[in-house]
Asker: 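Provided herewith is a single structure, encoded as structure tokens, for subsequent inquiry.
Heavy-atom basis, side chains included; hydrogens, waters and symmetry copies ignored.
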2 protein chains.
Amino acid sequence: MKNINIRELAQQLNLSVSTVSKALNDSHEISDETKKRVLKTAATLNYVPNPYASSLRGRKSKNIGVVIPEVADSFFSIAINGIESVAKEKGYHVLICLTHESFENEKNILKEFQGGRVDGVIMSVSRETIQSDHISDLISNGVPLILFDRVCEDVETAKITTDDFESSYKATEHLVAQGCKKIAFLGISKSLSLNSKRQEGYVQALNDHDLKSGNKHIIHCTNELKPNYRLVKKLLQQKNRPDGIVASMEKLTTPVYTACADLNLSIPQDVKMVCFSNLETASILNPSLTTITQPAFEMGKTAASILFRALKKTNLSLTKSSIVIPSSLMIRSSTT
Amino acid sequence: MKNINIRELAQQLNLSVSTVSKALNDSHEISDETKKRVLKTAATLNYVPNPYASSLRGRKSKNIGVVIPEVADSFFSIAINGIESVAKEKGYHVLICLTHESFENEKNILKEFQGGRVDGVIMSVSRETIQSDHISDLISNGVPLILFDRVCEDVETAKITTDDFESSYKATEHLVAQGCKKIAFLGISKSLSLNSKRQEGYVQALNDHDLKSGNKHIIHCTNELKPNYRLVKKLLQQKNRPDGIVASMEKLTTPVYTACADLNLSIPQDVKMVCFSNLETASILNPSLTTITQPAFEMGKTAASILFRALKKTNLSLTKSSIVIPSSLMIRSSTT
DNA sequence: AGATGGTACGAAAACGGTTTCGTAAATAAA
DNA sequence: TTTATTTACGAAACCGTTTTCGTACCATCT
């Protein structure tokens with residue numbers, strides 16, 4: 001059962017290729033009778049159009065690219081579901097590209113997109129990304145691109161974020177309310193604006209409650225489990241050890257919990273912790289983890305909706321379509 | 001900065017389109033000097049070839065399709081990383097398609113693949129999949145397809161699995177050794193062969209240790225959190241409640257833990273639990289969870305390697321390339 | 001009757017690459 | 001010197017669609 005093309009299909013029907021094409025695309029030029037006949041034969045012969053021929057001719061791919069650092073991460077995998085739910089409805093495919101937190105990879109992926117592989121892009125930058133020319137280049141090349149979660153402030157496009165400053169502020173304030181005096185901040189990467197905002201929210205909360213935030217309590221983590229474990233352990237071993245932690249990355253939960261266990265520190269008695277996380281298992285951890293839960297699905301869905309709006313009318317001002325969707329603080333045993 | 005095509009590039013170089021194409025593809029017909037000149041100009045003009053034109057002409061897409069039930073699942077997201085690591089090395093893209101456990105979606109995706117969108121497929125079937133004509137059709141259409149984890153026995157192709165029977169047997173035996181007398185099995189779906197194997201391993205272990213396994217202790221779960229919670233709760237409320245649980249799906253952890261908490265049952269005192277799971281947080285749950293950890297990355301990587309071998313020489317016997325990679329039982333506090 | 005318009009279809013160009021084939025010039029072999 | 005071979009390039013066909021344009025036919029309107 002080899003795959004058939006439109007020419008062979010047309011032969012079978014004693015029709016021209018153009019007529020068949022129009023019939024399949026429900027053109028008004030074709031009579032209902034012919035359309036029915038074409039559809040029926042196409043079905044029985046198992047005709048499936050070649051997407052590359054269509055893309056080439058139509059100069060659109062019906063693909064959107066999703067560029068993210070990792071897929072093995074609750075936030076991103078849920079966001080993908082949000083994006084996909086919209087894309088499917090619009091008859092689009094989602095091409096997921098992973099940067100694995102490498103700027104080099106990110107640049108290469110966007111470069112490839114210049115070739116027309118995708119009609120639009122939804123992206124969350126890598127932790128290494130410190131400049132954004134590759135993004136602006138793609139946009140000025142006519143490919144609409146929307147940033148979500150980890151955005152670059154200086155790129156002029158729509159940005160879907162959560163209220164990083166406010167939620168971090170609230171989380172820190174919550175720790176203060178629970179009696180923490182020395183609160184540490186575990187960041188993702190110095191360069192990310194998302195990280196800066198969370199850090200600023202943390203600092204602001206400390207200031208507003210007259211707690212000094214020595215730099216020693218701000219740590220930037222790596223992408224690996226073990227180095228993070230060592231960093232956290234070192235932090236918790238110093239004489240002036242923190243009694244509260246605001247962690248801005250899901251991946252930091254395990255290192256913190258493990259380090260505490262190994263150092264015989266009890267959560268929440270000795271150290272309280274709140275983490276930006278979408279882990280479903282947060283509520284059944286030992287102890288259950290207080291999280292700032294981001295609206296992952298919603299953010300993905302929103303980003304996709306705006307992208308498709310941009311694909312419809314190209315002169316839409318994307319910059320003004322930026323949206324902030326609030327996260328929610330889920331208070332659990334790790335802080336109480 | 002609009003994207004340039006090969007014709008314009010050729011004009012800039014005062015060369016023919018064919019020469020430029022050959023130079024870019026490092027053909028032996030072109031002199032080194034010309035190649036260098038072409039590469040240089042292509043770089044400065046930011047030329048990126050249109051992938052659809054290449055795919056159309058070459059009748060290969062340089063894409064492989066990955067069809068899986070969900071991406072928000074540790075096993076699958078890690079497997080994707082394994083697949084991607086191989087694909088990237090071979091210069092291929094990965095098109096991830098989610099069935100969301102729907103047979104209808106799965107059929108539609110494979111149907112689309114008939115059109116030549118991908119050169120090969122790596123797939124794990126949905127929980128609803130009870131017959132495999134759609135798979136065989138695609139294969140007989142010339143698209144190599146490899147199954148992993150959730151396979152269909154009757155499809156003649158390579159199957160990458162883990163030792164479901166043995167690991168389930170070992171897990172059950174472990175529960176018996178820990179003193180469990182009434183062990184329940186929580187399955188994914190009746191139709192999956194993966195599920196049958198795990199169930200058979202469980203039953204065999206019970207038999208070998210002279211424990212009867214009334215059908216009441218075999219439950220097939222749904223795909224939703226809340227119904228699963230209700231099922232588990234009901235199971236744990238019956239007079240003859242189990243003192244051990246073998247769960248064959250990562251997603252079952254939260255319902256079991258929550259149900260136990262709500263019923264004031266202690267894990268592991270009242271109920272011991274072991275779960276097929278790749279959750280990184282298993283070790284910091286309350287209590288830490290004994291898991292059967294599948295070699296997710298390895299399975300993905302192996303599946304991809306075999307697929308690429310098949311893409312090289314089409315007459316390779318895929319059926320004989322099936323591989324079983326063992327899982328490992330990680331004993332933690334939920335069973336001790 | 002002649003002009004006009006709508007309907008239903010076909011021929012051919014186009015999308016942007018790759019590949020086959022042809023060929024002129026340079027080199028090697030006889 | 002003649003012939004064969006190699007080198008380096010160009011013209012054109014081709015991949016499978018979509019779309020533009022042309023046209024034959026029929027109905028409708030002056």
Side-chain angles (χ1 to χ4, degrees), chain A residues 2-39 41-42 45-63 91 112-119 141-142, chain B residues 2-39 41-42 45-63 91 112-119 141-142:
Chain A
K2 203 73 203 76
N3 208 32
I4 223 174
N5 64 22
I6 202 173
R7 182 166 25 251
E8 300 172 277
L9 177 57
Q11 271 170 0
Q12 290 283 329
L13 285 158
N14 265 325
L15 287 171
S16 78
V17 170
S18 32
T19 303
V20 174
S21 173
K22 286 172 194 166
L24 291 171
N25 291 302
D26 201 28
S27 159
H28 65 94
E29 290 185 28
I30 307 299
S31 71
D32 288 349
E33 200 186 1
T34 309
K35 277 181 193 171
K36 253 182 238 164
R37 207 160 67 86
V38 172
L39 259 354
T41 327
L45 293 183
N46 227 309
Y47 169 73
V48 182
N50 181 312
Y52 300 116
S54 310
S55 294
L56 179 56
R57 170 62 224 224
R59 280 137 143 244
K60 55 182 162 44
S61 64
K62 286 272 186 179
N63 279 153
E112 261 225 50
F113 283 175
Q114 306 261 17
R117 185 179 287 275
V118 296
D119 297 342
N141 202 4
Chain B
K2 201 75 205 75
N3 209 32
I4 223 173
N5 64 21
I6 202 174
R7 181 164 27 250
E8 301 173 276
L9 176 57
Q11 271 170 0
Q12 290 282 330
L13 285 158
N14 266 325
L15 287 171
S16 78
V17 170
S18 34
T19 304
V20 174
S21 174
K22 285 171 193 165
L24 292 171
N25 290 301
D26 201 27
S27 158
H28 65 94
E29 289 185 28
I30 307 298
S31 70
D32 288 349
E33 200 185 0
T34 308
K35 277 181 193 169
K36 251 182 241 164
R37 209 161 66 86
V38 171
L39 259 355
T41 325
L45 294 184
N46 229 310
Y47 169 73
V48 182
N50 182 312
Y52 301 117
S54 312
S55 295
L56 178 57
R57 170 63 223 229
R59 280 135 142 242
K60 56 182 162 43
S61 64
K62 287 273 187 176
N63 281 152
E112 261 226 49
F113 283 175
Q114 306 261 18
R117 186 179 286 274
V118 296
D119 297 343
N141 202 3

Asker: Under 4.0 Å from any atom of DNA chain D, heavy atoms only: list the residues of residues 19-37 of chain A that qualify, in numerical order.
Answerer: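 DNA chain D contact set from residues 19-37 of chain A: A:Ser21, A:Lys22, A:Asn25.
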
Asker: For the residue pair A:Ser61 and A:Gly116, what are the closest heavy atoms and their distance?
Answerer: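 In this case the closest contact between A:Ser61 and A:Gly116 is CB-O, 4.0 Å.
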
Asker: Please report the distance, rounded to the nearest Å, between CG in A:Asn14 and P in C:dC9.
Answerer: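 Value for this atom pair: 13 Å.
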
Asker: Ignoring backbone atoms, test whether A:Asn50 places a side-chain nitrogen or oxygen under 4.0 Å from the OP1 or OP2 oxygen of D:dG16.
Answerer: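 Negative; the distance criterion is not met.
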
Asker: Considering non-hydrogen atoms only, spot the tightest contact between B:Val17 and B:Arg7 and give its length.
Answerer: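 That closest heavy-atom pairing would be CG2-CA, 3.9 Å.
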
Asker: Out of C:dG16, D:dG10, D:dT18, which has the shortest distance to the side chain of B:Asn5?
Answerer: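 That would be C:dG16.
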
Asker: State whether the distance check finds a donor on one side and an acceptor on the other, under 3.5 Å, for side chain A:Arg57 versus base D:dT17.
Answerer: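 Checked by distance alone, the answer is no.
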
Asker: Taking only side-chain N and O atoms of A:Tyr52, does any of them lie within less than 4.0 angstrom of OP1 or OP2 on D:dC14?
Answerer: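 Answer is no, no contact under 4.0 Å.
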
Asker: Measure distances between side-chain N and O atoms of B:Ser16 and base N and O atoms of D:dA11, and say whether any donor-acceptor pair falls under 3.5 Å.
Answerer: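 No such pair is found, so the answer is no.
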
Asker: Using every non-hydrogen atom in the two residues, find where A:Ala53 and A:Asn50 come nearest and quote the distance to one decimal.
Answerer: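 Minimum heavy-atom separation between A:Ala53 and A:Asn50: N-OD1, 3.1 Å.
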
Asker: Rounded to the nearest Å, what distance is computed from the CD atom of residue A:Glu8 to the C1' atom of nucleotide D:dC15?
Answerer: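 So the CD-C1' distance, A:Glu8 to D:dC15, works out to 13 Å.
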
Asker: In this structure, how many angstroms lie between the P atom of D:dC15 and the CD1 atom of A:Ile6, rounded?
Answerer: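 These atoms are roughly 15 Å apart.
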
Asker: Round to the nearest Å and state the distance from B:Leu13 atom CG to D:dA8 atom C1'.
Answerer: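 So the two atoms are 15 Å apart, to the nearest Å.
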
Asker: Between atom CG in A:Asn3 and atom C1' in D:dG16, what is the gap in whole Å?
Answerer: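 Distance check: A:Asn3 CG to D:dG16 C1' gives 11 Å.
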
Asker: Ignoring hydrogens and angles, write down the donor-acceptor pairs under 3.5 Å from the side chains of residues 8-16 of chain A, residues two or more places apart or on other chains.
Answerer:
residue: A:Glu8; atom: OE1; partner: A:Asn5; partner atom: N; Å: 3.2
residue: A:Ser16; atom: OG; partner: A:Ser18; partner atom: N; Å: 3.4
residue: A:Ser16; atom: OG; partner: A:Ser18; partner atom: OG; Å: 3.1
residue: A:Ser16; atom: OG; partner: A:Thr19; partner atom: N; Å: 3.2
residue: A:Ser16; atom: OG; partner: A:Thr19; partner atom: OG1; Å: 2.9

Asker: Which listed nucleotide (C:dC9, C:dT18, C:dG16) is nearest to the side chain of A:Arg59?
Answerer: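 That would be C:dG16.
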
Asker: Do the non-hydrogen side-chain atoms of B:Asn63 and A:Tyr52 ever get within less than 4.5 Å of each other?
Answerer: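 Touching, per the 4.5 Å side-chain cut-off.
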
Asker: Once you round it to whole Å, what is the distance between P of D:dT17 and CD of B:Gln114?
Answerer: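 Between P of D:dT17 and CD of B:Gln114: 13 Å.
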
Asker: State, yes or no, whether a side-chain contact exists between A:Leu24 and A:Leu39 at a heavy-atom distance under 4.5 Å.
Answerer: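 Answer yes - side chains close enough.
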
Asker: List the atom of B:Ile30, the atom of B:Ala23, and the distance in Å for their closest heavy-atom pair.
Answerer: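 Smallest interatomic distance, heavy atoms only, reads CG1-N, 3.9 Å.
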
